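Both backbone and side-chain heavy atoms feed into the values below; hydrogens, waters and symmetry mates do not. Quick caveat, the model's predicted, so the values are computed rather than measured.
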Amino acid sequence: MSRFNNLSELVSVMRARGFVNTFSIQHQQVYCSELSKSISPSQLTLLERHVVPLPSSQTGEEEVYGFRTDDNQLGIMTNIYAEYDPEGFYAVFRQCLKGHAVGA
């Protein structure tokens, strides 16, 4: 299991491995700016989950998820939205399919 020191390091490694899209939650849907479209959460499969420490000025950890769409696009989502709307985040996240997630 890999351990990453910060978010930048993790995102760089994931991008190099093909997770080139960025997914965010908007209006109970997952939006991908690179693909310019909304994606139903049920069309995403969770492949990876990683935890990284927040910068030293903050305490806690941040979660980073690696997803695959039904049409085999790979992307990254963080749990940052959960800070603003935990119920909305987990409602969307629960609809995503769970693959064999790996990570820290």
message = Does anything in residues 65-78 form a salt bridge (Lys or Arg N to Asp or Glu O under 4.0 Å)? List the pairs, not counting sequence neighbours.
response =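 Salt bridge (Lys or Arg N to Asp or Glu O under 4.0 Å) check on residues 65-78 returns K37-D71.
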
inquiry  = Suppose the criterion is salt bridge (Lys or Arg N to Asp or Glu O under 4.0 Å): which pairs have a residue in residues 19-34, not counting sequence neighbours?
reply    =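 Listed by first then second residue: nothing to list.
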
ask   = With sequence neighbours excluded, what pairs up with V20 under the side-chain contact (heavy atoms from CB on, under 4.5 Å) test?
value =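 Counting only residues at least two positions away or on another chain, V20 forms no side-chain contact (heavy atoms from CB on, under 4.5 Å).
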
query = Does any N or O in the side chain of Q95 come within less than 3.5 Å of the main-chain N or O of A91, such that one atom is a donor and the other an acceptor?
reply =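 Confirmed, Q95 side chain pairs with A91 backbone.
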
key: Expected output: side-chain R15 to main-chain N21 donor-acceptor under 3.5 Å   =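 Yes; at least one donor-acceptor contact below 3.5 Å.
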
Using side-chain heavy atoms (C-beta onward) and a distance below 4.5 Å, is [X] in contact with [Y]?
X   : Y   : answer
V30 : L44 : yes
F4  : H50 : yes
E62 : T78 : yes
C96 : L46 : no
M77 : V64 : no
F19 : E48 : yes
T45 : T69 : no
I39 : Y31 : no

Inter-residue atom distance C32.SG - I76.CD1, 0.5 Å rounding =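 CD1 of I76 is found 11.0 Å from SG of C32.
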
Reported CZ-to-OG distance for the pair F23 and S38, which is rounded to 0.5 angstrom =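 Reported to 0.5 Å precision, the distance equals 11.5 Å.
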
key: salt bridge (Lys or Arg N to Asp or Glu O under 4.0 Å) involving E63 - partner list, sequence neighbours excluded   =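 R49.
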
ask   = Under the side chain to side chain donor-acceptor pair (under 3.5 Å) test, which residues partner S40, sequence neighbours left out?
value =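 S40: side chain to side chain donor-acceptor pair (under 3.5 Å) contacts with S42.
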
inquiry  = side chain to side chain contact (heavy atoms under 4.5 Å, CB included), that's the test. Do E61 and V52 meet it? Break it down for me.
reply    = CA-CA 5 Å; E61 298 175 318; V52 293; over 6 Å; no

Exercise answer: donor-acceptor pairs, residues 6-13 side-chain atoms, under 3.5 Å, sequence neighbours excluded:
residue, atom, partner, partner atom, Å
N6, OD1, S8, N, 3.2
N6, OD1, E9, N, 2.7
E9, OE1, N5, N, 3.0
S12, OG, S8, O, 3.2

query = How far apart are the closest heavy atoms of G66 and M14, and which atoms are they?
reply =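 Of all heavy-atom pairs spanning G66 and M14, the closest is CA-CE, 3.7 Å.
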
message = Classify the ring geometry of F93 against F89: parallel below 30°, tilted from 30° to 60°, perpendicular beyond 60°.
response =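 Parallel, since the angle between the ring planes stays under 30°.
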
